[in-house]
Structures are given as C-alpha cells and as structure tokens.
2 protein chains.
Amino acid sequence: MAKPKQKWTPEEEEALSAGVEKYGLGRWKNILTDPQFASPLANRSNVDLKDKWRNLSGGDYGSNSRGNVRINWFEEINKLLLTYQEPSKSSVNKRRAPPYKAMIYEALSSIDDPKGTDAKTMVKFLEPKYDVTKNFRKLLTAKLRNLVLNGAEWRP
Amino acid sequence: MAKPKQKWTPEEEEALSAGVEKYGLGRWKNILTDPQFASPLANRSNVDLKDKWRNLSGGDYGSNSRGNVRINWFEEINKLLLTYQEPSKSSVNKRRAPPYKAMIYEALSSIDDPKGTDAKTMVKFLEPKYDVTKNFRKLLTAKLRNLVLNGAEWRP
DNA sequence: CCTTAGGGATAGGGTTGC
DNA sequence: TGCAACCCTATCCCTAAG
C-alpha cells in the first residue's frame, strides 16, 4: 500500500519557495528542519520537496550548470579489469593492506558477479581481510574514481 | 497524430485480470514484465493497463488505491533461485547477519523441500544461526516481496 | 547510517473519437 | 451522447552516488 496522492497546497508551495530562497537549491533537509518552515511542511519529506521543486522548475532542475554526467564507477572498473594482468605473486603478507589496485582487483575477482558490485560490498569483503584505516571506504572510492578517470593502467 | 484506438480483446482483458490477481492493484509494470502476461499484453503499456482497469472498475478505481497482493512469494523465490550464482565465499563470519539475499538462498537451499517453504520455517532456520533484529520476520518478508516484484537481480 | 539527484512508475483529471 | 481508449503530469518510488 503506497502513500495516497497528496496534492500540494498553496501554503506548502509558498513555504518551499521561501525555503529555497533562504537556503539555496538542494538543501531540502535544511529547509525541513528550519522552524520557520517545519510547520507548513510537516507532512512532506526532503525527497518530496525535491520532487515538487522539480515540477515547479519546469522540469529542468537537476541538470546542473557543469552538465555533469554521473558515472557508474564500478561498471567502469569492471570493464577495465579485462585488461588487468595479475602480478606474479611472491610475498604473501596477510596483515598489511596491499596497494589499492590489488585490493580492488581481488575484490572484484572474488565477488564474482556479472553485474558488478558496489563500494559497500567491496569494503565488506576487504575490511576483515586487511587492517585498513577508518576512512577506508572514502579512500577506496577515491581510488576507484581516479582509476577510471585516468585510464587505469593496471600495473600493480 | 494520436495512437489509433485499439479495442481490448478478451485475451488481453483476461491477462490483465490475472495479472492484478497475482500482483495486486497498481503494479502495472510488474504485470507487463511478467513472462506469464508479457505476450498477450505485448502492445499495451503500463498506463494502458491502468486506464483499462479503471474502465473495468466502473470508474471508482483509485479511491482506496493499491489493493493486496496474492503472490505465493516462496514459490516465486524458488523459481528465481534457478538463476542464482552463489558468490565465491571468502570471509566466513558467523555472528553478523549476511545480506538478506544470501540468507534467503541459504535457507531455501538447506530446507530442501520440493514444495518450497514458508516464512515461518525460514525464520526458524535463520534465527539461531545469525543474530538478527527483532523485526527480522517482517524485514525478511519485505525482502522476498521486493525480490519478486523487481525481477530479483541476485546481486549479493 | 543519511541525503540528494535523477530516472521511472502510478494516480487521477482531462481529452478524443466512435 | 456515453463511454472506451488515450493523453497529461503532479506525485510518489527506487536506487546510485556521495
């Protein structure tokens, strides 16, 4: 059972508009928690605000000025893996984290999924095997991004 | 300009009716992509299905939208299992609950019953093995429902 | 975990053609 | 004219990415 359709009232639209005026675009949660707007928007979520603004904007909200296109990093990485040559292994150290490229290769190879995987799954796989830092996820994501953007020479 | 009017055939109406029976109201896209109904409804869109159902319902469709679903989830899940590839296992942690898909796969594989199983049995099997939350049964059922309705990509 | 961006699906009012 | 079939689009849903 989904939520029944709930039409926006003029009061709600005004509050949303004033909220965007005050906080700027994309600050939906901030608008919702501002005591100035919390009451009129009591039964709207931050996602509702985003959706409504998209309608009010004539449908072109979201295509930001730089024309960014979102990349599915993991799909890209999986493609690049086809060109990877696994290094001839010599020293097998289990504790310290190996270079990121090697870990990424290991994770993607082990998590054998034709559709690829995602960062969360990779972290879950790698974390118990190696003693990684607390912000491992962030670093791993950055590395993935870097590999894709820079042509990813798969040298260990 | 517009699409020429295309009257509904009895076969189409039957398929639509059976589809609603299986998935419940408001799951037009699911009906359309179900191999059981895809063929007879090949040249109808999800919106067409919704419109036709509204006509058949004497015009009061939507007032209490989205009825109940009558799927035998476990039968459906068992079918989907045929397409599942068990991930090459690497880390064996016994305490924390693995992803729901993995647990579902494990339960259905272990409870070897040609007729499939039910939620109660699955919970009984999984609960002592993993430390699950109190509302585990509810979450498990929700996951099963989601897997069936969304075509069940068996990603871990 | 939580939030945002964006594509997709649905609900319901409106329109068209027989 | 009435109604089946089709159109329009605000609202809501799903999920990748951060």
Side-chain angles (χ1 to χ4, degrees), chain A residues 1-9 12-13 16 20 23-33 43-77 115-124 135 137-142 144-145 148, chain B residues 1-9 12-13 16 20 23-33 43-67 133 142-143 145-147 149-153 155:
Chain A
M1 305 263 269
K3 245 195 317 193
K5 213 168 166 170
Q6 188 180 15
K7 265 189 89 68
W8 278 68
T9 68
E12 289 175 318
E13 296 186 3
L16 171 58
V20 172
Y23 287 98
L25 278 181
R27 312 295 299 271
W28 315 115
K29 193 64 179 181
N30 285 102
I31 296 171
L32 262 189
T33 52
N43 42 14
R44 300 293 180 179
S45 73
N46 48 339
V47 177
D48 291 334
L49 266 52
K50 179 265 298 176
D51 284 330
K52 182 58 180 177
W53 189 261
R54 178 165 53 173
N55 291 343
L56 294 174
S57 308
D60 61 37
Y61 166 66
S63 54
N64 67 30
S65 48
R66 287 167 300 195
N68 286 343
V69 178
R70 288 191 171 220
I71 298 180
N72 184 333
W73 303 106
F74 308 98
E75 184 183 318
E76 296 300 322
I77 286 282
K115 298 207 56 161
T117 180
D118 56 22
K120 194 173 299 184
T121 308
M122 292 180 67
V123 171
K124 271 191 190 151
N135 57 343
R137 163 106 184 249
K138 195 166 295 251
L139 290 172
L140 182 69
T141 305
L144 286 167
R145 182 189 179 95
V148 170
Chain B
M1 301 275 278
K3 227 180 0 175
K5 289 208 180 217
Q6 188 180 14
K7 267 193 87 64
W8 278 68
T9 68
E12 289 174 318
E13 296 186 4
L16 171 58
V20 172
Y23 288 100
L25 280 180
R27 311 305 308 233
W28 315 114
K29 190 68 175 182
N30 283 118
I31 296 172
L32 217 47
T33 53
N43 42 15
R44 300 293 178 179
S45 73
N46 49 336
V47 176
D48 291 334
L49 266 53
K50 179 264 299 176
D51 284 330
K52 181 57 181 178
W53 189 262
R54 178 167 53 173
N55 286 340
L56 291 175
S57 307
D60 61 50
Y61 166 63
S63 45
N64 51 0
S65 52
R66 301 197 193 195
T133 61
K143 193 65 188 175
R145 180 190 177 95
N146 187 266
L147 284 171
L149 289 180
N150 294 317
E153 306 158 14
R155 283 177 301 160

(message) For a quick test of reading the model, state the closest non-hydrogen atom pair linking B:Val20 to B:Ile31 and the distance between them.
(response) N-CD1, 3.6 Å
(message) At 10 degrees resolution, what angle do the end axes of the helix from C:dC2-D:dG18 to C:dC18-D:dG2 form when each is taken over five base pairs?
(response) 10°
(request) Only counting residues at least two apart or in another chain, list the ones meeting side-chain contact (heavy atoms from CB on, under 4.5 Å) with B:Ser45. (result) B:Val47, B:Asp48
(request) Whole angstrom is fine here: how far is it from NZ in A:Lys52 over to P in D:dC12? (result) 10 Å
(message) Can you confirm whether B:Lys29 sits close enough to B:Leu49 that some side-chain heavy atom of one is under 4.5 Å from a side-chain heavy atom of the other?
(response) no
(message) How close do B:Arg54 and B:Asp51 get, counting heavy atoms only, and between which atoms?
(response) NH2-OD1, 2.9 Å
(message) Applying salt bridge (charged side-chain N to carboxylate O under 4.0 Å, His left out), can you list everything that pairs with A:Lys52, at least two apart in sequence or on another chain?
(response) A:Glu13
(request) Please report the C-alpha distance between B:Asn55 and B:Trp8 in whole Å, then the side-chain angles of each, then the deciding distance to 0.1 Å, and finally whether the side-chain contact (heavy atoms from CB on, under 4.5 Å) criterion is met. (result) CA-CA 11 Å; B:Asn55 286 340; B:Trp8 278 68; over 6 Å; no
(request) For A:Arg44 and A:Lys7, work out which heavy atoms get closest and say how close. (result) NH2-O, 3.1 Å
(request) Just jot down the side-chain hydrogen bond (donor to acceptor under 3.5 Å, both in side chains) partners of B:Trp53, sequence neighbours excluded, or say none. (result) B:Ser57
(message) Considering every strand and a 4.0 Å limit on heavy-atom distances, what is the contact class for B:Lys50: base, sugar-phosphate, or nothing?
(response) base
(request) Kindly point out which of D:dC6, C:dT10, C:dG7 is positioned nearest to the side chain of B:Asn46? (result) C:dT10
(message) Rounded to whole Å, please give me the gap between CD in A:Gln6 and C1' in C:dG12.
(response) 15 Å
(request) Whole angstrom is fine here: how far is it from CG in A:Asn55 over to C1' in C:dT10? (result) 14 Å
So which protein nitrogen or oxygen atoms get under 3.5 Å of nucleotides 16-18 of chain C's nitrogens or oxygens?
residue : atom : partner : partner atom : Å
C:dT16  : O2   : B:Lys5  : NZ           : 3.1

(message) Going by side-chain hydrogen bond (donor to acceptor under 3.5 Å, both in side chains), name the residues that satisfy it together with B:Asn46, two or more places apart in sequence or in a different chain.
(response) none
(request) May I have the distance from A:Ile31 (atom CD1) to C:dT3 (atom P), rounded to whole angstrom? (result) 14 Å
(message) Between P on C:dA5 and NZ on A:Lys29, what's the gap in Å once rounded to a whole number?
(response) 14 Å
(request) Give the rounded distance in Å between these two atoms: CH2 of B:Trp53 and P of C:dA11. (result) 12 Å
(message) Without decimals, in angstroms, what is the distance between B:Arg54 CZ and D:dC6 P?
(response) 13 Å
(message) Heavy-atom nearest nucleotide on DNA chain C for B:Trp28 versus A:Val47: which residue maps closer to 5'?
(response) A:Val47
(request) Give the rounded distance in Å between these two atoms: CG of B:Leu25 and C1' of C:dG12. (result) 14 Å
(request) Answer yes or no: side-chain N or O of B:Asp51 and base N or O of D:dC7 forming a donor-acceptor pair under 3.5 Å. (result) yes
